[in-house]
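Numbers restart at 1 for each chain; the letters A, B, ... are given by sequence-line order, proteins then strands.
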Amino acid sequence: PGMWNSKIREAVNQGHSEKALVLFRQMKRSGVAPNNSTFPFVAKACARLCDLRNSQIIHTHVAKSWFQSNIFVQTAVVDMYSKCGQLEDAYNLFVGMPDRDIASWNAMLLGFAQWGLLDRVLCLLRQMRLTGIHPDSVTVVLLTHAILHMKNPTFVSAIHSFGVRLGVHIDVSVANTLIAAYAKSSDLCSAEVVFDEIDSGLRSVVTWNSMIAAYADFEKHVNAVNCYKGMLDGGFSPD
RNA sequence: UCCACUGUGCUU
């Protein structure tokens with residue numbers, strides 16, 4: 001199945017999810033069995049398309065496959081169902097997983113976070129820590145999203161402190177998320193503090209974009225323009 | 001041993 005896998009992977013990586021599913025159908029029709037490096041990609045394609053019908057078809061194939069207990073495959077299926085809105089299917093699969101690593105927990109946390117189920121996010125986080133799995137930078141980003149809709153800077157600050165305790169606040173994606181979250185919670189000052197505290201060598205285009213967007217939200221157009229200039233000075237080109 | 005490879009996360 002190697003050549004099918006690389007075609008499917010290429011399609012997914014280029015954002016052509018429908019094409020990936022077409023290739024998957026062709027693969028099956030030609031009698032080639034999908035394997036552990038087929039399923040995660042087609043699952044991702046379904047997740048992106050929020051395509052429940054194909055998700056169920058893929059899950060059926062997974063269930064009949066030798067690779068049904070592969071942790072990568074299972075995590076991808078959990079994520080696929082979550083993104084299609086089938087949270088209880090996702091959760092049931094998650095609970096039945098023989099092994100779960102941080103990515104598995106994060107995928108399930110994201111599922112609850114995406115649908116605004118903060119209580120379930122917190123409950124799952126507690127369970128995760130009880131099993132000895134430590135939250136990572138991805139977890140912190142997800143938690144930030146879970147509390148974002150409340151637009152409460154106190155909550156953002158709590159997650160921020162949590163990230164500092166874990167030592168993941170230096171992760172650029174975490175910082176970028178916090179900048180946006182503080183700004184959306186009307187705490188521009190804290191957004192600026194986070195921005196200033198990132199090593200200038202670690203700032204990415206997303207970091208700059210986040211800060212510019214923050215200033216724009218507050219209608220601080222002069223700051224936004226200065227920030228934009230800073231981005232250009234930093235050697236970044238706008239995207 | 002290290003690295004890279006298939007699953008979860010950044011702004012608009």
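Two rings, from A:Trp208 and A:Phe195, have their centers less than 6.0 Å apart. For A:Phe39 and A:Phe72, the gap between ring centers reaches or exceeds 6.0 Å.
Judged by atom type and distance alone, A:Asp101 reaches the base of B:G7 through a side-chain donor-acceptor pair under 3.5 Å. Side-chain atoms of A:Ser104 and base atoms of B:G7 include a donor and an acceptor less than 3.5 Å apart. Between the side chain of A:Asn70 and the base of B:G7, no donor-acceptor pair under 3.5 Å is found.
Residue A:Ile71 is in base contact, counting any heavy-atom pair closer than 4.0 Å across all strands shown. Using a 4.0 Å heavy-atom distance criterion, A:Asp171 is classed as a base contact. Among the protein residues, A:Ala76 comes within range of the sugar-phosphate backbone only, with heavy atoms under 4.0 Å from sugar or phosphate atoms but none that close to a base. Contacts of A:Asn36 with the nucleic acid, taken as non-hydrogen atoms under 4.0 Å apart, include base atoms. In this structure, A:Thr38 reaches neither bases nor backbone, as no heavy-atom distance under 4.0 Å exists between it and the strands shown.
The A:Ala180 side chain lies nearest to B:U11 when the options are B:U8, B:U11, B:C10. Considering only the side chain of A:Val141, B:C10 comes nearest among B:U11, B:C10, B:U8. Residue A:Ala103 places its side chain closer to B:U8 than to any other of B:U8, B:U12, B:U6. Of the candidate nucleotides B:C10, B:U11, B:U8, B:U11 has the atom nearest to the side chain of A:Ser210.
With rounding to the nearest 0.5 angstrom, the CH2 atom of A:Trp105 is 11.0 Å from the OG1 atom of A:Thr139.
Remark: A:Lys83 is not in phosphate contact with B:G7, judged by side-chain N or O atoms under 4.0 Å from OP1 or OP2. An OP1 or OP2 oxygen of B:U8 is reached within less than 4.0 angstrom by no side-chain nitrogen or oxygen of A:His145. Look at A:Lys44 and you won't find any side-chain N or O under 4.0 angstrom from OP1 or OP2 of B:U6.
Of the residues in residues 194-208 of chain A, those lying under 4.0 Å from RNA chain B by heavy-atom distance are A:Val206.
Proximity of A:Thr38 to A:His61: side-chain heavy atoms (C-beta onward) are nowhere separated by under 4.5 Å.
The pair A:Asp233-A:Lys229 does not count as a salt bridge, with every side-chain nitrogen at least 4.0 angstrom from each carboxylate oxygen. Under the 4.0 Å criterion applied to side-chain N and carboxylate O atoms, A:Glu88 and A:Arg120 are assigned as salt-bridge partners.
The main-chain N or O of A:Ala20 is never found under 3.5 Å from a side-chain atom of A:Arg25 such that the two would form a donor-acceptor pair.
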